[in-house]
Each structure stands twice: as C-alpha cells, then as structure tokens.
S.K.: 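Sharing a structure here in structure tokens format.
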Amino acid sequence: MRWQYVGGLTAVLVVALHGCSADSEDGGSGSAGSGAAGTSGSGDPSQQASSVGPSSGSGAAPSDGNDTFATAEPIALDGSHAAEISPTGDVDYYSFAADAGSIVYFNLDAQDLDGAGFDAKHLDLVLTVYDAAEVQVAENDTPVPRYSADPEMYFVVPATGTYVLRVAECWQWAEDPEAQCAAPEAKELTAYELLAITVDPARFESIVGETEPNDEAATADEIEYAKGDAGTYYYSDIIGDFASATDIDVYAFSLPTDTPVTEGRPVAHFWPMAWGPSGNGSTTSPGRMYLVDPLDPTVRFAEVDAALGQRLQVPVDLGRAFQLWVEHQGEASGANDFYVARHYGAGSNPVESSDASNGEWSGAEPLSLSDNGDGTFSFFIDGDITVAGVDVDHFSIEAAPAPDLTRVSVACSAQRRGSGLRELTFQLLDAEGVALPGATHTEGPDEDAQLPDVAIPGGARSLLLRVSAESQEANVTSTFYRCGVHLGM
C-alpha cells in the first residue's frame with residue numbers, strides 16, 4: 001500500500017490489486033473499473049483500490065518477543081508497522097487501545113509489498129482481533145472482493161478498552177493447512193506491513209459514514225467517488241449503524257459517466273462485508289438491500305438479502321441516479337449492529353446479442369472462448385430473461401478447444417446478485433439439443449446455481465447452454481443474469 005494525497009487534507013490509501021475481474025463463484029469476466037484500469041477474463045477483480053486516511057508510518061521493525069497473547073506488543077493506531085513472520089511457525093501479537101464506537105482500519109501487506117497478489121512464495125496472512133479476555137471478536141483472511149491474499153478489515157470497537165491483534169500465516173491458522181494453504185509452509189519471502197489506523201469517515205473521500213436521519217429518500221446520504229492519478233476510481237466504502245431492528249438507511253449514488261467499462265455493460269457492485277467474530281465483529285449483517293429510482297422509491301429495481309449471503313451486482317446506466325436502501329435483518333438489536341459495504345462500478349461479461357433468435361437450440365448464440373493460460377478455457381455471458389416463464393436463451397460452446405479436456409463446470413446467478421428473476425435454471429445440452437444427464441441446476445435464495453466437473457461426452461465438439469427462469473419477483477423489475485462455463489481436465 002502507498003499513500004497518495006488527493007487535495008487539501010484528504011488522503012487516499014491505494015491498495016495495489018492484481019488478477020482479473022468479476023466473481024469467481026459466478027464465473028464472470030466483467031472488467032474492474034474502480035481502481036486502476038482492469039482487464040477482462042476469469043479470476044479476481046483487477047486493479048482495484050481502497051480508501052482510508054493519513055498515516056504517520058513508523059517504518060521500523062517491531063522488536064521480537066510478541067509471540068503470545070500475554071506478550072503482545074503495544075502499538076498506536078496511527079500508521080504502519082514493519083515486521084516478519086520468521087522463523088516458520090512464528091505468530092505475532094499486537095495490543096492497542098481504542099474507544100467504543102471508533103472505527104479501526106486494519107490492512108496487512110505481504111503479497112502486495114511487491115505486487116504479487118497471490119503467490120505461494122509470499123506470506124498468506126490472517127488477522128484476528130481479540131478482546132482483553134482473549135475472546136475472538138473479529139477476523140479476516142482475504143479482502144472483498146478477493147483481489148489479494150492480504151487481509152483487510154474495518155472494525156467498529158464495541159467497548160472502550162484494550163484489544164489484541166494476532167497476525168498469523170495460513171499454515172498456523174487453518175484447521176487443515178495442507179488442504180487450505182498454499183505449499184510450501186516455509187515461505188521464501190517473510191516480510192509484512194501492518195497498517196492500523198482510526199478512521200473518521202467525514203474526513204476522507206470515498207468513505208461514507210451513515211448519518212441520521214437518513215431513513216427516507218429525502219434524507220439519503222450521498223456516496224462519494226474519488227479518482228486516482230491514473231484516472232480511475234477507488235472503492236467507495238459505506239460504514240453504517242443500525243439504531244434499532246427497524247432502522248433503514250438510505251444512500252444516494254450515481255456511477256460517474258467516466259467509470260471504466262472495458263467490456264460488457266456497466267455494473268454497480270455493493271458487497272456487504274462478513275459479520276460476526278469470524279468477520280468484521282458486527283452483531284448483525286444487513287438484511288434487505290435494494291436499489292430504487294429516487295423518483296419512485298416504491299418500485300425496486302434490484303434487491304438482495306445480505307443475511308443469506310447475497311450481494312448486489314446490478315447492470316445500471318452510468319450517470320443515472322439511484323438510491324441504495326439498507327435494512328436490518330429484522331431480529332432483535334445487538335450490542336454492536338454496524339455494517340460495512342464496498343461499492344464500485346465496473347464492466348460485465350459479454351452481453352447477449354441474439355435474443356431474437358436464441359430462443360431455440362438451433363439458433364444458439366456462440367460464446368467467445370477465453371484462454372486461461374493454464375490449459376483450461378472459459379466462456380462468459382450477461383443476459384436477460386425478458387419475460388420469465390416464456391423467454392429462453394441458448395448459447396453454443398466449443399467443447400474441444402484443446403486435447404484432454406474432459407470436464408465442464410457451470411455457474412450462473414440472478415436473484416443472488418439482485419435480479420428480479422426467480423428460479424434461474426441452466427441446462428447443458430449436446431449439439432443436437434438433448435439434455436446431458438444430471439447437467440441442470442436451479443438457483444435458490446441461499447444457493448447459487450452451479451455444477452462442477454460434468455463429464456463432456458466423448459467426441460463432442462460443441463455443447464449448448466440453455467438458460468431460463470420460472471418467474472419474476474412482483475416488485476423487483478430487473479431481468480438480468482450472468483453465467484460462466486469452464487472447461488478443464
């Protein structure tokens with residue numbers, strides 16, 4: 001990470017990101033656009049950035065002897081701290097004092113010290129926060145989106161006092177490290193930097209702190225966008241607080257008209273951060289999150305239930321005004337009911353172009369082949385079921401772009417990314433339109449539509465993907481879906 005000042009007293013912390021774009025579980029390829037310019041393809045969002053504010057940065061390596069909770073090294077929440085996980089098996093503990101309600105931002109850089117992102121030679125770190133009684137209150141393994149193996153967290157302090165932060169390598173954290181962590185256990189590069197600062201959202205661009213009253217369209221908090229030197233936008237992070245189980249928070253936004261969209265159509269992303277002691281420490285997740293037109297807030301353009309692991313990933317027009325409404329999940333209020341959501345604009349998968357003719361398998365629209373560079377290949381599509389229960393889309397896929405490809409995997413989403421489509425269903429068909437045995441799946445509210453490792457019929461040169469939806473939610477108007485198809489051995 002590096003500090004970059006953007007006018008006046010405002011500072012923006014740039015987190016260098018790597019890889020490619022869209023959601024790995026969706027198999028999407030949409031290009032990332034809220035950090036530096038991204039590229040399309042499978043994998044992780046590319047060249048994104050996060051914003052927090054200014055650091056004094058100590059730059060000096062802490063002393064040894066902080067290997068246990070009892071010997072945690074005191075640090076101030078004012079900047080960066082350089083250290084190492086060495087020898088192999090080392091674990092570092094740091095203690096810090098904080099006031100109730102203060103927002104603390106943590107970031108560990110190991111992979112990103114030299115721009116690796118994901119590399120087995122570097123540390124794969126996990127940060128864990130404990131209270132003074134050594135009870136775990138928060139934890140993070142990887143950021144959202146998963147642009148790097150370096151963890152990151154906003155933590156709202158539940159009570160004034162002393163807390164302890166543990167920094168551990170995956171091999172010292174995972175229950176089954178041989179299965180969960182990249183080998184080897186002994187890392188070639190062992191350095192890391194810990195950033196630990198308190199954040200006042202009112203002082204920093206691209207961090208939106210919820211301010212009451214903001215529970216109706218007329219009092220919506222405005223989401224800000226900060227642009228870096230490369231001309232692209234940083235993440236806009238929302239940090240809110242639920243005053244009660246019936247509290248509603250409203251935010252106004254409009255993706256800038258110069259948001260980079262290198263492929264497909266513009267998409268607005270809102271990622272709720274994981275909550276609880278294995279997440280950011282909140283005693284609740286958000287519940288319903290939905291987008292509305294401020295001129296008619298009774299009609300929902302897109303909607304998800306964050307408590308079910310859903311998130312908004314919605315095609316929108318650049319420059320068009322929307323509002324994001326966020327509800328409590330509806331249970332009784334907890335002791336520390338905050339939430340964090342990360343927002344940015346990006347591109348999408350290639351967009352369906354033959355809706356008038358792809359309703360029958362014989363008119364299937366060909367999908368473009370993406371070479372992943374590792375012997376596997378992928379296909380991506382963003383489409384619309386314009387009339388659920390009537391409209392059906394067919395796409396053709398080259399099944400044998402290279403020798404030894406024997407398996408095909410498919411992932412699709414609609415409802416779980418905010419679409420009004422319900423029971424989105426995909427089927428794999430052979431080249432003559434006959435369904436492959438067992439190669440169909442339907443999305444549910446708490447289950448993505450995905451099938452791994454379906455056998456490709458011997459000798460098949462092409463396959464067909466059929467996409468349909470059972471119905472349309474009455475008060476959610478969007479009709480989009482996205483799919484990824486992956487060929488492997």
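We count residues from 1, following the sequence as given.
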S.K.: With a 3.5 Å distance limit and no angle check, can you tell me whether Asn140 reaches the backbone of Glu152 through a side-chain donor-acceptor pair?
M.R.: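 Yes, Asn140 side chain to Glu152 backbone: donor-acceptor pair under 3.5 Å.
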S.K.: Only distances under 3.5 Å count here; give the side-chain donor-acceptor pairs of residues 179-187 to other protein atoms, sequence neighbours excluded, each with its distance to 0.1 Å.
M.R.:
from	atom 1	to	atom 2	distance (Å)
Gln180	OE1	Glu175	N	3.3
Gln180	OE1	Asp176	N	2.8
Glu185	OE2	Gln172	NE2	3.1
Lys187	NZ	Ala120	O	3.1
Lys187	NZ	Ala182	O	2.8
Lys187	NZ	Pro184	O	2.9

S.K.: Please tell me whether Glu423 and Thr442 have a donor and an acceptor in their side chains that are separated by less than 3.5 angstrom.
M.R.: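 Judged by distance alone, the side chains do not pair up.
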S.K.: Using the salt bridge (Lys or Arg N to Asp or Glu O under 4.0 Å) rule, take Glu470 and Arg422 through it: C-alpha gap first, then chi angles, then the decisive distance, then the call.
M.R.: CA-CA 6 Å; Glu470 182 68 24; Arg422 295 296 180 260; over 6 Å; no
S.K.: To the nearest 0.5 Å, what is the distance between CD on Gln427 and NE2 on His441?
M.R.: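 The CD atom of Gln427 sits 12.5 Å away from the NE2 atom of His441.
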S.K.: Are Tyr251 and Glu210 linked by a side-chain donor-acceptor pair shorter than 3.5 Å?
M.R.: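 No.
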S.K.: Has Asp430 got a side-chain atom pairing as donor or acceptor with Val434's backbone, closer than 3.5 angstrom?
M.R.: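 At least one qualifying donor-acceptor pair exists.
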S.K.: Output the distance between atom OG (Ser396) and atom CG (Leu367), rounded to the nearest 0.5 Å.
M.R.: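 The OG atom of Ser396 sits 6.5 Å away from the CG atom of Leu367.
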S.K.: Checking side-chain polar atoms at under 3.5 Å, does His122 have a donor or acceptor matched by the opposite partner on Asp150?
M.R.: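 Not at all, the side chains of His122 and Asp150 share no donor-acceptor pair under 3.5 Å.
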S.K.: Which of these passes side-chain contact (heavy atoms from CB on, under 4.5 Å) with Phe270: Ile223, Val314, Val304, Val326?
M.R.: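 Running side-chain contact (heavy atoms from CB on, under 4.5 Å) over Ile223, Val314, Val304, Val326 with Phe270 returns exactly one hit, Ile223.
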S.K.: Look at the side chain of Arg300 and the backbone N and O of Gly420, then say whether any donor-acceptor pair between them is shorter than 3.5 Å.
M.R.: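 Absent.
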S.K.: Answer yes if the side chains of Asp384 and Thr386 hold a donor-acceptor pair under 3.5 Å, and no otherwise.
M.R.: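 Side chains of Asp384 and Thr386: no pair found under 3.5 Å.
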S.K.: First locate atom CG of Leu463, then atom CG of Leu487, and finally report the distance between them rounded to the nearest 0.5 Å.
M.R.: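 One finds 7.5 Å between CG of Leu463 and CG of Leu487.
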S.K.: Working to the nearest 0.5 Å, report the span between OG of Ser148 and CG of Asp109.
M.R.: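 Rounded to the nearest 0.5 Å, the OG-CG separation comes to 7.0 Å.
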S.K.: Would the distance check show the side chain of Glu169 and the main-chain N or O of Trp171 forming a donor-acceptor pair, the cut-off being under 3.5 Å?
M.R.: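 Checked: pair present.
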S.K.: Which heavy atom of Gly444 sits nearest to which heavy atom of Gln415, and what is that distance?
M.R.: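 Reported closest heavy-atom pair: C-OE1, 4.2 Å.
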S.K.: Using distance alone, with no hydrogens and no angle criterion, decide if Thr298 and Asp296 have a side-chain donor and acceptor under 3.5 Å apart.
M.R.: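 The answer is yes; a qualifying pair exists.
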S.K.: Show the nearest heavy-atom pair for residues Tyr192 and Asp92, with the distance to one decimal.
M.R.: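 Looks like OH-OD2, 2.6 Å.
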S.K.: Mind checking whether His486 and Phe380 have parallel, tilted or perpendicular rings, split at 30° and 60°?
M.R.: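 His486 and Phe380: perpendicular rings.
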S.K.: Checking the side chain of Thr376 only, and the main-chain atoms of Gly488 only, is there a donor and an acceptor separated by less than 3.5 Å?
M.R.: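 It does not hold such a pair.
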S.K.: If you take all heavy atoms of Thr479 and Leu421, which pair is closest and at what distance?
M.R.: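 Closest approach of Thr479 to Leu421: O-CD1, 3.3 Å.
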S.K.: Would you say the side chains of Tyr290 and Gln323 form a donor-acceptor pair under 3.5 Å?
M.R.: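 No, Gln323 and Tyr290 have no side-chain donor paired with an acceptor closer than 3.5 Å.
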S.K.: So how far is it from Arg482 CZ to Leu424 CG, rounded to the nearest 0.5 Å?
M.R.: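 It is 11.0 Å, given to the nearest 0.5 Å.
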S.K.: Establish, from distance only, whether the side-chain atoms of Ser278 and Glu139 form a donor-acceptor pair under 3.5 Å.
M.R.: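 No, no side-chain donor-acceptor pair sits under 3.5 Å.
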S.K.: For Trp275, does its backbone N or O pair with a side-chain atom of Ser285 as donor and acceptor, under 3.5 Å?
M.R.: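 No, the answer is negative, given that no donor and acceptor are paired below the 3.5 Å cut-off.
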S.K.: Once you measure the plane-to-plane angle for Tyr147 and Tyr235, does it fall in the parallel (<30°), tilted (30-60°) or perpendicular (>60°) bin?
M.R.: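 Tyr147 vs Tyr235 ring planes: tilted.
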S.K.: As a test of understanding, state which of Gln310, Glu327, Gln329 forms a side-chain contact (heavy atoms from CB on, under 4.5 Å) with Arg288.
M.R.: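 The option that passes is Glu327.
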S.K.: Write down the atom of Ile85, the atom of Val167, and the distance for their closest heavy-atom approach.
M.R.: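 Scanning both residues completely, I find the closest heavy atoms to be CD1-O, 3.8 Å.
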S.K.: Quick one: sort the Phe301 and Phe322 rings into parallel, tilted or perpendicular, breaks at 30° and 60°.
M.R.: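 Aromatic pair Phe301/Phe322 classed tilted.
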S.K.: Residues two or more places apart in sequence or in another chain: which of them pass side-chain contact (heavy atoms from CB on, under 4.5 Å) with Glu365?
M.R.: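 Listed in chain order: Glu352, Ser353, Ser354, Asn358, Ile381, Phe395.
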S.K.: Backbone N or O of Asp374 within a donor-acceptor pair of the Asn372 side chain at under 3.5 Å?
M.R.: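 The answer is no, because no donor-acceptor pair under 3.5 Å joins these two groups.
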S.K.: To the nearest 0.5 Å, what is the distance between CE (Met289) and CH2 (Trp325)?
M.R.: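 Nearest 0.5 Å value for the CE-CH2 distance: 14.0 Å.
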S.K.: Assess whether side chain to side chain contact (heavy atoms under 4.5 Å, CB included) is satisfied between Arg466 and Trp361, documenting all intermediate values.
M.R.: CA-CA 8 Å; Arg466 181 184 190 272; Trp361 68 267; over 6 Å; no
S.K.: Ser348 side chain to Arg265 main-chain N or O, any donor-acceptor pair under 3.5 Å?
M.R.: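 Indeed, once roles are kept as given, a pair shorter than 3.5 Å links the two residues.
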S.K.: Check for me whether Arg342 meets the cation-pi criterion with Trp271, that is, NZ or CZ under 6.0 Å from the six-membered ring centre and within 45 degrees of the ring axis.
M.R.: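 So Arg342 doesn't make the cation-pi contact.
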S.K.: Looking only at atom types and distance, does a side-chain atom of Glu224 sit under 3.5 Å from a main-chain N or O of Val208, one as donor and one as acceptor?
M.R.: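 Checked: no pair found.
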S.K.: Judged by atom type as modelled, is there a donor-acceptor pair below 3.5 Å linking the side chain of Asp112 to the main-chain atoms of Gly115?
M.R.: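 Side chain of Asp112 to backbone of Gly115, a donor-acceptor pair under 3.5 Å: no, none is there.
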S.K.: Between Phe426 and Tyr481, does the ring centre distance come in under 6.0 Å?
M.R.: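 When the ring centroids of Phe426 and Tyr481 are compared, they turn out to be at least 6.0 Å apart.
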